[in-house]
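Quick caveat, the model's predicted, so the values are computed rather than measured. Chain letters run A, B, ... following the sequence lines, proteins first and then strands; every chain starts at 1.
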Protein chains: 2
Amino acid sequence: MNIGQAADASGVSAKMIRYYEQIGLIRPPTRTDSNYRVYGSDEVHVLRFIRRSRTLGFSIEETSALLALWQDKTRASGEVRDIASEHISALETKIAELESMVGTLKHLVHCCQGDNRPDCPILDDLAGTNSKTKGH
Amino acid sequence: MNIGQAADASGVSAKMIRYYEQIGLIRPPTRTDSNYRVYGSDEVHVLRFIRRSRTLGFSIEETSALLALWQDKTRASGEVRDIASEHISALETKIAELESMVGTLKHLVHCCQGDNRPDCPILDDLAGTNSKTKGH
DNA sequence: GATAGACCTTCCCATCATGGTAAGGTCAAG
DNA sequence: CTTGACCTTACCATGATGGGAAGGTCTATC
């Protein structure tokens, strides 16, 4: 199987497959005489694993750890659970930050009349010159 | 006022002030004879505006638009509101995605016993070989 | 005055994960 | 044998920020 077919089969672009190889996330595959990379179903399986991990928001580094645990038959699943739990915490922190931003913006938009008058509570807030929109 | 003082006064690092100048977000300030950048309270005000906008998660490009509207006395505040509203939508989409990730991960962690047995529902899900943890 | 240390300048490199492009080699179908 | 689709490597770009080097400037102290 060529890299393009492996890409189609795994959902990881050929570009990224080469990149993952380059950074050592996956092992260099065998090559044909004409230097083409050759993949089998095992490699595609690994690529799918990586893709799913990335989709769930794990970094490459976290993915690498999960991959090692996946391939280690003697692993303790507690380690995996710890990685996932830490990731959940990080995601929840991020969500809280975003929600805080949304809350502020919604308040500002609510205060904004959207007419042609030159005063705008959103811009006033950004400029730090507001007093009316505070603490309500 | 030197760049370091402007940085302290605005909360934007000297590094970023130069960067903002380089990409045209802010205007090049006057210089001393010895080529030092000189800032006044107006520039610091602009930098604070930028900082607040970035803190609220607006991109540099969005910040640039907001800055232009802020400095345009004839602006319509509806434009500002539109930018903010679109930004809210984008943030909410992002939040929903993150929440979906968290939901999946929490489910997987819940199913994971964290013992020393080699089967782990989290890894099974990542590998796409699961059937038990689906649709529940 | 001279010297030390804190500041400034520009320039280059790194991040993280991904995409693009260019120049050239290979393969399969017609 | 040509054409077109594929592969190879290598380099550049993103967005926003930090780090550092090499060299110039300012200020306070001796």
Closer than 4.0 Å, any side-chain N/O of Ser13(A) to the OP1 or OP2 of dT18(C)? no

Return no unless some side-chain N or O of Tyr20(A) is found under 4.0 Å from OP1 or OP2 of dT18(C).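 So the side chain of Tyr20(A) is within the cut-off, an N or O lying under 4.0 Å from OP1 or OP2 of dT18(C).
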
Within one Ile-Leu-Val-Met-Phe-Trp-Tyr cluster: [X] and [Y], side-chain cutoff 4.5 Å:
X	Y	result
Tyr39(B)	Leu25(B)	yes
Ile95(A)	Phe58(A)	yes
Tyr19(A)	Leu67(A)	yes

How is [X] classified with respect to the nucleic acid when contacts are heavy atoms under 4.0 Å: base, sugar-phosphate, or nothing?
X	value
Arg54(B)	sugar-phosphate
Ser59(A)	sugar-phosphate
Arg37(A)	sugar-phosphate

I want to verify a distance call: between dC8(C), dG25(C), dT10(C), whose nearest atom is closest to the Tyr36(B) side chain? dC8(C)

Just compare dT26(C), dC8(C), dG20(C) and give me whichever is closest to any side-chain atom of Lys15(A).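 Looking only at heavy atoms from C-beta outward on Lys15(A), the closest nucleotide is dG20(C).
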
Please verify the inter-ring angle class for His45(B) with Trp70(B); under 30° counts as parallel, over 60° as perpendicular, anything in between as tilted.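 Rings of His45(B) and Trp70(B): perpendicular, over 60°.
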
Determine whether more than 12 heavy atoms belonging to other residues, nucleotides or ligands lie under 6.0 Å from atom CD of Glu86(A).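 For Glu86(A), atom CD is not crowded (no more than 12 foreign heavy atoms under 6.0 Å).
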
Protein-nucleotide distance (Glu21(A), atom CD; dA17(C), atom P), rounded to Å: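 Atom-to-atom, Glu21(A) to dA17(C), this comes out as 18 Å.
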
Tell me whether Arg48(B) contacts the main-chain N or O of Ala9(B) through its side chain, where contact means a donor paired with an acceptor under 3.5 Å. yes

For a 4.0 angstrom threshold against heavy atoms of chain A, report the outermost contacting nucleotides of DNA chain D in 5' to 3' order. dC6(D) to dA10(D)

